[in-house]
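Contents: one structure, followed by commentary.
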Protein chains: 2
Amino acid sequence: LQKPSFDKRAFVKGVLKGEVRAASRLLTLIERRRPEARDVLKALYPHTGHAKLLGVTGPAGVGKSTLIDRLISGFRKNKQSVGVLAIDPRSPFTGGALLGDRLRMHRHFLDRGVFIRSLATTGSWGGISPSLFDAIHVFDAMGKDIILIETLGVGQDEVLIARLAETVLLVLAPGVGDEIQAMKAGLLEIGEIIAMNKADLIGAESFAEELSSIVAPRPVVQVSAENGTGITGLISALSTAMKANGSNRLKKKAFVREELRVLYQEKVLAMEDRAMFGDKILEAILKRKSDPYSLIDGWPIPRTESLVKRGATKNVS
Amino acid sequence: LQKPSFDKRAFVKGVLKGEVRAASRLLTLIERRRPEARDVLKALYPHTGHAKLLGVTGPAGVGKSTLIDRLISGFRKNKQSVGVLAIDPRSPFTGGALLGDRLRMHRHFLDRGVFIRSLATTGSWGGISPSLFDAIHVFDAMGKDIILIETLGVGQDEVLIARLAETVLLVLAPGVGDEIQAMKAGLLEIGEIIAMNKADLIGAESFAEELSSIVAPRPVVQVSAENGTGITGLISALSTAMKANGSNRLKKKAFVREELRVLYQEKVLAMEDRAMFGDKILEAILKRKSDPYSLIDGWPIPRTESLVKRGATKNVS
């Protein structure tokens with residue numbers, strides 16, 4: 001059997017046309033960190049930078065999926081195409097998909113303007129998986145106007161991911177009131193806009209008040225994803241925020257800086273079995289002639305300036 | 001109020017004498033990644049390299065704690081001092097300690113030859129937290145003959161940690177038989193020696209047989225931590241393995257290499273808000289004149305040879 005050759009151009013063409021099949025296959029290669037994906041991503045990159053990134057996070061049980069379903073419909077009514085990226089904190093042993101499959105079955109399945117995909121992150125990276133950045137570029141190159149990044153909002157990774165999205169929506173609900181104390185530690189700091197779902201529940205009013213006092217001056221928008229109430233107001237608040245953040249150069253730079261750092265970390269990790277730390281160094285440490293701390297103190301991190309001088313970057317004047 | 005000055009020499013002296021108070025305070029500084037800890041670790045490092053590392057892992061409910069309690073007693077009878085490092089997969093939101101407190105209350109509390117400590121790992125590092133390496137050096141510098149590293153055995157981090165220990169004991173029990181299929185994916189590959197605890201349970205015999213066929217040629221040692229049966233045999237098997245592995249230079253080099261990589265990653269992570277990636281680069285990428293992938297492709301990773309030449313390492317001839 002001959003190994004099928006990898007047709008980079010077909011991938012690039014397909015993704016730029018917005019084809020789900022090409023994008024899906026590329027995302028699988030990305031998840032597996034296959035080097036071919038990187039070549040496609042390089043070719044796609046010049047076509048990116050147009051999508052708006054909307055992070056949606058919140059604890060389990062607040063009705064995030066139903067609300068996202070409503071948001072998709074709202075964005076579609078406004079003639080915006082939507083990509084949904086569900087971050088899936090997959091266990092390396094079970095390999096199970098927690099969020100994605102559920103989402104894929106939604107009523108937007110047949111809408112060509114919506115592309116929903118779950119992305120497994122093993123959590124073994126220093127913060128954010130490089131796959132997440134790659135996937136965002138794929139959605140962007142497909143021409144999606146809005147990329148909605150859904151996370152569970154329970155761990156460190158979710159905090160980092162939420163920080164990456166230009167605009168972040170935190171979803172809460174009256175039922176999770178007992179956990180508010182615990183949430184104060186970190187979750188409630190996330191979110192430019194806070195949506196309180198299940199606003200029709202008994203006790204929602206007092207929960208909303210308590211919440212407002214904690215997160216002020218950020219707004220708490222009361223919605224009921226189940227009944228569809230309050231959704232128009234939320235969409236409008238999100239659209240205004242996304243538009244403002246979309247032209248925020250500092251946020252865009254922070255995104256690129258984070259991506260470069262993650263890619264560099266991946267490169268460092270890939271060096272594991274190679275000659276980064278040679279035998280002479282290892283022997284010196286084993287003999288206690290040196291120590292790992294002093295060694296790394298003296299170990300340089302390459303910086304922009306020297307690289308630009310040496311011409312290691314391309315097209316940087 | 002004046003800030004109390006940090007007495008590095010007192011820490012070094014205390015740890016080298018095996019004092020629990022100095023070691024505990026140092027480990028707290030290590031968990032918080034405080035820079036003072038690093039200075040102490042540099043001074044301690046020449047005094048390390050004597051302890052044997054024993055990883056103990058396995059799913060919840062197999063009686064790991066009771067078995068470890070028995071192992072400690074056994075090692076103590078053989079006049080060996082023991083440090084127990086319980087890896088605690090702490091959530092960044094709850095901040096709860098899962099393993100350590102339980103362990104601290106055991107009957108070895110008053111034995112000066114035993115030091116038990118839990119270490120929180122946030123899991124936000126690329127694989128292993130640098131704190132784990134640091135803590136091992138502290139236990140080692142205290143003069144512990146055996147450092148027992150306990151992990152839950154459920155995630156990627158635990159696999160990596162188990163790989164680090166020179167000798168690894170995997171603990172299973174008949175009650176977790178249903179999970180064996182799932183475990184095959186990764187957990188059963190870990191462990192040089194496999195202990196089947198609760199050997200006195202009904203059905204244990206057939207479970208041990210099934211297990212033996214899966215993990216062969218590695219031995220399955222049947223024990224009952226509750227009754228104390230089989231412990232002597234397990235201690236003897238572990239001691240033999242630890243002795244052999246203790247002089248395995250390849251394993252020791254792999255440990256140092258991993259530590260250097262983790263320390264370097266931490267250094268890269270700490271660069272986050274600084275000038276690693278300058279404004280010129282970020283602007284070029286935002287304008288799509290370059291892309292992050294090509295940029296990182298051209299970004300160098302420093303290598304041993306060049307550093308040795310430039311004299312960046314100390315005492316490496």
Side-chain angles (χ1 to χ4, degrees), chain A residues 38 41-42 45-46 49 91-94 122-127 155-156 182 185-187 252-253 256-257 259-261 263-265 267-269 271-272 275-278 280-282 284-286 288-296 298-305 308 312-316, chain B residues 38 41-42 45-46 49 91-94 122-127 155-156 182 185-187 252-253 256-257 259-261 263-265 267-269 271-272 275-278 280-282 284-286 288-296 298-305 308 312-316:
Chain A
R38 207 177 166 99
L41 286 161
K42 282 181 192 175
Y45 197 80
S91 149
F93 284 127
T94 63
T122 62
S124 67
W125 295 98
Q156 187 74 6
L187 192 60
K252 286 199 180 295
K253 278 188 189 174
V256 173
R257 199 182 282 120
E259 176 170 15
L260 288 172
R261 210 165 51 78
L263 284 172
Y264 188 66
Q265 268 181 269
K267 189 169 171 166
V268 172
L269 269 166
M271 291 295 287
E272 183 168 17
M276 186 169 171
F277 304 108
K280 222 170 183 177
I281 296 265
L282 300 180
I285 290 176
L286 282 181
R288 266 62 189 174
K289 284 192 206 166
S290 183
D291 70 83
Y293 308 101
S294 305
L295 197 88
I296 291 300
W299 212 268
I301 293 182
R303 303 224 183 189
T304 304
E305 298 71 31
V308 173
T313 63
K314 84 172 183 196
N315 299 327
V316 178
Chain B
R38 206 176 166 102
L41 286 161
K42 281 181 191 176
Y45 198 80
S91 146
F93 285 128
T94 64
T122 61
S124 67
W125 296 97
Q156 187 73 7
L187 191 59
K252 287 200 181 293
K253 279 189 188 172
V256 173
R257 199 180 285 121
E259 176 170 16
L260 288 173
R261 211 164 49 79
L263 284 173
Y264 188 65
Q265 267 181 269
K267 189 170 170 167
V268 172
L269 269 166
M271 292 294 287
E272 183 169 17
M276 187 170 170
F277 304 108
K280 222 171 181 174
I281 295 268
L282 300 180
I285 289 175
L286 282 181
R288 265 64 189 173
K289 283 193 207 165
S290 182
D291 69 83
Y293 308 101
S294 305
L295 197 88
I296 291 300
W299 211 268
I301 292 182
R303 304 226 184 188
T304 304
E305 297 71 31
V308 173
T313 63
K314 85 172 183 196
N315 298 326
V316 178

Quiz item: Which heavy atom in B:E259 sits nearest to a heavy atom in A:Y293, and how many Å separate them?
Solution: OE2-OH, 3.7 Å
Quiz item: So, for A:K42 and B:S294, which heavy atoms are closest and what is the spacing to 0.1 Å?
Solution: CD-OG, 3.6 Å
Quiz item: Is A:L260 close to B:I285 at the side-chain level, that is, under 4.5 Å between some pair of heavy atoms?
Solution: yes
Practice problem: Would you indicate whether the side-chain heavy atoms of A:I296 and B:R38 approach each other to under 4.5 Å? | Solution: yes
